[in-house]
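For reference, the structure discussed in these notes is given below.
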Amino acid sequence: MEAAVTRNRSFRDFLIYLYRAARAIVLGHAVTLKHLFRRPVTIRYPEEEYHATPWHRTYPALVIDEATRELKCTACMSCERACPPGIIAIERAQGEDKKTYPGEFWIDMLRCMECGICVEVCPFDALEMVPEYKMTAYHPDDGIFDKERLAVVVRGPKTPWPRRKGSYLEGGWPT
Amino acid sequence: MVEGDKAQPAMNDGTRQVLEAIRRDHPDWQPEVTRWGEVQLRVGREDLQAVARALRDDHGFNYCPSETVVDYVKEGRFELDVRLFNLDTGAKLVLKSDLPRDDATCPTLAGVWATCKWHEREIWDMFGVRFEGHPDLRRVFLSESFQGYPLRKDFVDARKPRPRLVRQR
Amino acid sequence: MPAWLVTLGWAVLKASLILGFVLFNALFLVWWERKFAARIQSRVGPQRTGRPFGYLQSMADVFKLLSKEDVVPARVDRWMYVLAPIVIFVPAVLVYVVVPFGPNLIVQDLNIGILYVAAVTSFTMIAIVMAGWAANNKYSVVSAMRAAAQLVAYEVPLVLAVIGPVMLAGTLSLQGIVRAQEGLWYIVVQPLGFLVFLTAGMAELNRAPFDLSEAESELVAGYNIEYSGMRWSFFFLAEFSNLVAVSAIATTLFLGGWQAPWFLPAAVKGLIPPVVWFLAKTYFLVTVIMWIRWTLPRVRIDQLLDFGWKFLLPVSLANIALTGLLFPVLVRLGWI
Amino acid sequence: MGGARTRPEPQTGARENVIELPVLAEGSVEEISGRTRQRARFRGDFEYPGDDFEGPNVNRWQYLPQTPPVEDLLVEEVREIEGNEREMVMNMGPQHPSTHGVLRCVLGLRGEAITRCRPDIGYLHRCHEKLNELWSYQGTIALSDRLDYLAAMTNELAFVLAVEKLLEIEPTERADYIRVICSELQRIASHLLFFGTTALDLGAVTPFLHSFREREAVYDVFEYISGARLLYNYMRFGGVRTDFPPGTDKKIREVLDLLENRLPEYHDLLSYNPIFAVRTQGVGVLSRDDAIAWGAAGPVLRGSGVAYDLRKADPYSGYEKFDFKVCVEESGDVWARFMVRMKEIEESIKIIRQALDGLPEGDARGQVPRFIKPPPGEVYARVEGPRGELGCYVVSDGSDKPYRCHWRTPSFHHVSLLEFVPVGHLVADVVAIIGSMDPVFGEVDK
């Protein structure tokens, strides 16, 4: 572009080069000066929080049916089979009414790659990716989530993944 | 997966010209056309270098995006798969060669396309195919102390398995 | 009280004042540079320690550095390794002996003040070479070699740029040069000299775009790569101390030192004490140097030397010639 | 003077609506986690390396299984250099701020001049191709994100195109447009990162943070579209995972406007700076023939004067419908590669605008079963990623997992160029050259 190598040029070219170089440097400083008066874009985390989109995928959680206050999961093992890193472990249990439910449901969040495939394959909408990104722990074992840690109530609009064709607009959009 | 008239429209002009040129100049090469409109040549490994050189010099295949090996363990062979491309005409060509599994050696293509130097290092690293005449055949990803060639289908990791969550698939 | 005791008392008092000034400077400038850089980069910068502006951040850093383990790597040249931080720090403080903060606010107004400054600041090179060599690390050796070449190349234009004001003022004493600028600051008649001085001064300081000896993207941290804790912070202290020193000398030589701007009416001049003028100008220059640092990329060593020897040196020589030619004219005009 | 904040404004009420944690058990999250841990221990389900360590109670993570000592094959080379009195060996990396990850370059130095350079890679090797053989096709999409993690969309696209060819299905037209928009946004994001890291390698910190600020804006769009910021898992066989949420069009256009405003600032700040010019012009010259022979691709190839762009040369996903030009520079130096990328940002903006204008209605998700078993066969599909030709070679044996999956990753070949390009330059130029190759070690080491 403009700024060029100065070797083997006439003195006049050198002066032109000098002018261009000086102008470019001044322009660069003008940009930085302009930024002195711009607002920072930093989010100061504990005080201000980053609001991820409601359908942000952080980890798969077990959905509780609000009407019955029970997990929607029927322990059909679809997610366990589909999970690429194989970190979901379910122990199926059977209630008195012959309905199956997950006796244990473990997700090793230390290895979870947050792909959301478990949510996609779930035939009962019993898993949801939740945008809850505060998952720090003091011990690696805390990264293994069990049924109690995973259970959430999903209220209001659902996450937009279309389980079945055309379903996602029915829940309405959180705007 | 090879041949078929319905695949012909996918072939671009450069490839068509190359196909004609090869049929004209080298009647013994037996080019085929794949479903995706590429010319496919299957050559013996002893002819590999000569064919490659001819392709580069006479047919303008100056660009080699990919060279790899597939382990067909049941058939007892490795299949060398070299993808070639002509940057000027857009012709596409696949060079295939069968390497017996019990004698996994192959003449190097590093002298034809310089990029094969690293491709072949990767193949040596992962499949243990020794490329004869390669200038710098070292493992590229794994350390030299690694035992075995991990992408071979019969590779068994002798190390103690790392513990993980309950079920192994 | 015997006379020697009085002298000693004054000396100790002055020394501690300077040391205090240097330390305070470092604390303030670390914070200031961080805040300044942050705003240029659309960030916030320090904010937690000392809310809301993080003004206690440098204090926190001091405590952190003090509490760090004193690591001496196994294969270093121990004596040089230990001495280098001291060798770099002492001359950084010594410069302030001749800096005129005000009409009477100077430790010692040496009549060869400028020469003293040039001599003392060159010590930095020895310290950097010591540190680089002692650390027994290839990166730091390369860094030391770079620093040596760089300091030799830029010492010459620096001193030559100083000659302009000296010619105009007719004295080597810094106080004398300041007094000579009562009518007009020398930056007006010496713009070229000022630019050369600032550029060469930045190179002396190892500030970007000339921070080749600690180029973190190439040499990781250069000569202080193996230093940590308090030893490392001595390099840091010296860097900021030198930064203020160079700005102060530039202020003295070209911006009228503690003099108020010459065009202001006398009544206004009397309102603000000279030392405030001096510090304001100095910190303004410091900020400009920071501004340059956070704007420009780093040059390469051969380009740096090219620039020093083939551009700055001729320009500074031309500046001297120009000054000599213009001197009678300026005197005739009554500007000096 | 309030500059535009790139973060989206908080979605009011959204988060409160969606989840409530936790509800089955009483107690705080920490308490529940603690209980979980105790029960897990009791059940003996989980174990960690070092669990069986008997000794003082120190951090057990230190006691990972020891690997046998590594014999460094470069040792011979190093000895050879050190045998020469006037040369010095310098190990640049694998832990070095400017090697873009974990590249190790063994440099032979004479003074500061490079006499030889041996790139050594593999420090981030993750058995990617082996995992491809173990995971289902669906999981492999998610895994391919991890190759070039700065351009996850294009990785997915390469794999998806390959499998679609095997399945003999065509994506819907809307999905094609969405794919184009996503790949071009990804290209912008990746090139913005390149701009920043190149500036950082050359010692300018400010452009780095400026470009990351704009990159975050692009990632905000990705988060809005796909629910993730970096690794999207968005492409699907026959379409994409979800259609654009309402308002995506506006969001993307806002980002494009922002970029068009900020690009001149970048040029003022860095591109036209004389120091930047002398640091990059004539440095690391890669001749046209070398670039072709060594398999360089993308901006590195185009910087050497080869007008080769897969979007034109072998169009996929309907790129032939868009009007854009292939950016070429003749000089083949760091400057050329830099300028090619900066121009490509502008071209990408043009493509995205066209695609948004022409975005057809319809289904974005094809009617493809979730679990697929492609017929036996093999296919090589390639896309023009931000770093160049990204090829995916898939062999299917009719099962639900790829029989073999080979990735042709451009960065791998760009790293191989380091064997000869830096020779004769100075140490400071090596970082500029590495930066101009823009390797991503996720895809170099696979």
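These figures come from a predicted structure and were not determined experimentally.
B:K153 and D:Y403 get closest at one heavy-atom pair: NZ-O, 2.7 Å. Listed here is the closest heavy atom pair of D:I292 and B:N62: CG2-O, 3.3 Å.
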Is there a side-chain hydrogen bond (donor to acceptor under 3.5 Å, both in side chains) between B:T68 and D:R404? Walk through the geometry before answering.
CA-CA 10 Å; B:T68 188; D:R404 166 99 173 96; 2.7 Å; yes
Hey, mind stepping through D:Y380 and B:V94 against side-chain contact (heavy atoms from CB on, under 4.5 Å) and telling me if it holds?
CA-CA 10 Å; D:Y380 177 76; B:V94 191; over 6 Å; no
Check step by step if side-chain contact (heavy atoms from CB on, under 4.5 Å) holds for D:E378 and B:R35.
CA-CA 10 Å; D:E378 55 168 47; B:R35 271 198 295 182; over 6 Å; no
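Atoms CZ and CG, on B:R138 and D:D120 in that order, are 7.0 Å from each other to the nearest 0.5 Å. Between B:C116 atom SG and D:H413 atom NE2 the span is 9.0 Å, to the nearest 0.5 Å.
B:F85 touches chain D through its side chain: at least one heavy atom from C-beta onward sits under 4.5 Å away, while N, CA, C and O do not. Proximity to chain B involves both the backbone and the side chain of D:E129, based on heavy atoms less than 4.5 angstrom apart. If you measure heavy-atom distances from B:V69 to chain D, the contacts under 4.5 Å come from the backbone alone. Residue contact with chain B, scored on non-hydrogen atoms closer than 4.5 Å, involves the backbone of D:V444 exclusively. Both the backbone and the side chain of D:A297 come within less than 4.5 Å of a heavy atom of chain B. Of the two parts of B:P65, the backbone and the side chain both hold a non-hydrogen atom closer than 4.5 Å to a non-hydrogen atom of chain D. For a residue to count as touching a neighbouring chain, one of its non-hydrogen atoms must lie under 4.5 Å from one of that chain's; by this rule D:L390 does not touch chain B. With a 4.5 angstrom heavy-atom cutoff, D:D314 touches chain B only via side-chain atoms.
A 6.0 Å sphere centred on CD of B:E75 holds more than 12 heavy atoms belonging to other residues, nucleotides or ligands. The neighbour count for B:E132 CD, taken as heavy atoms of other residues, nucleotides or ligands under 6.0 Å away, is above 12. Within a 6.0 Å radius of CZ in B:R42, other residues, nucleotides and ligands contribute more than 12 heavy atoms.
Side-chain atoms of B:Y63 and D:L301, non-hydrogen and from C-beta on, do get closer than 4.5 Å to each other. Looking only at side-chain heavy atoms (C-beta outward), B:S66 and D:H406 come within less than 4.5 Å of each other. At least one side-chain heavy atom of D:V395 sits under 4.5 Å from a side-chain heavy atom of B:Y72. A 4.5 Å side-chain heavy-atom check between B:W118 and D:P119 finds at least one atom pair inside the cut-off.
Chosen from B:G90, B:P150, B:A114, B:G14, the residue pairing most often with chain D at heavy-atom distances under 4.5 Å is B:A114. Interface summary for chain D: among B:D88, B:D136, B:D125, B:D71, the most heavy-atom pairs under 4.5 angstrom belong to B:D71. The most heavy-atom pairs under 4.5 Å with chain B, out of D:G388, D:C127, D:A296, D:G391, come from D:A296. Of the listed residues B:H119, B:R56, B:E38, B:M126, the one with more heavy-atom pairs under 4.5 angstrom with chain D than any other is B:H119.
Taking the six-membered ring for Trp, B:F141 and D:Y123 have ring centres at least 6.0 Å apart.
Between D:R408 and B:E67, none of the side-chain N atoms (NZ, or NE/NH1/NH2) sits under 4.0 Å from a carboxylate O, so this pair counts as no salt bridge.
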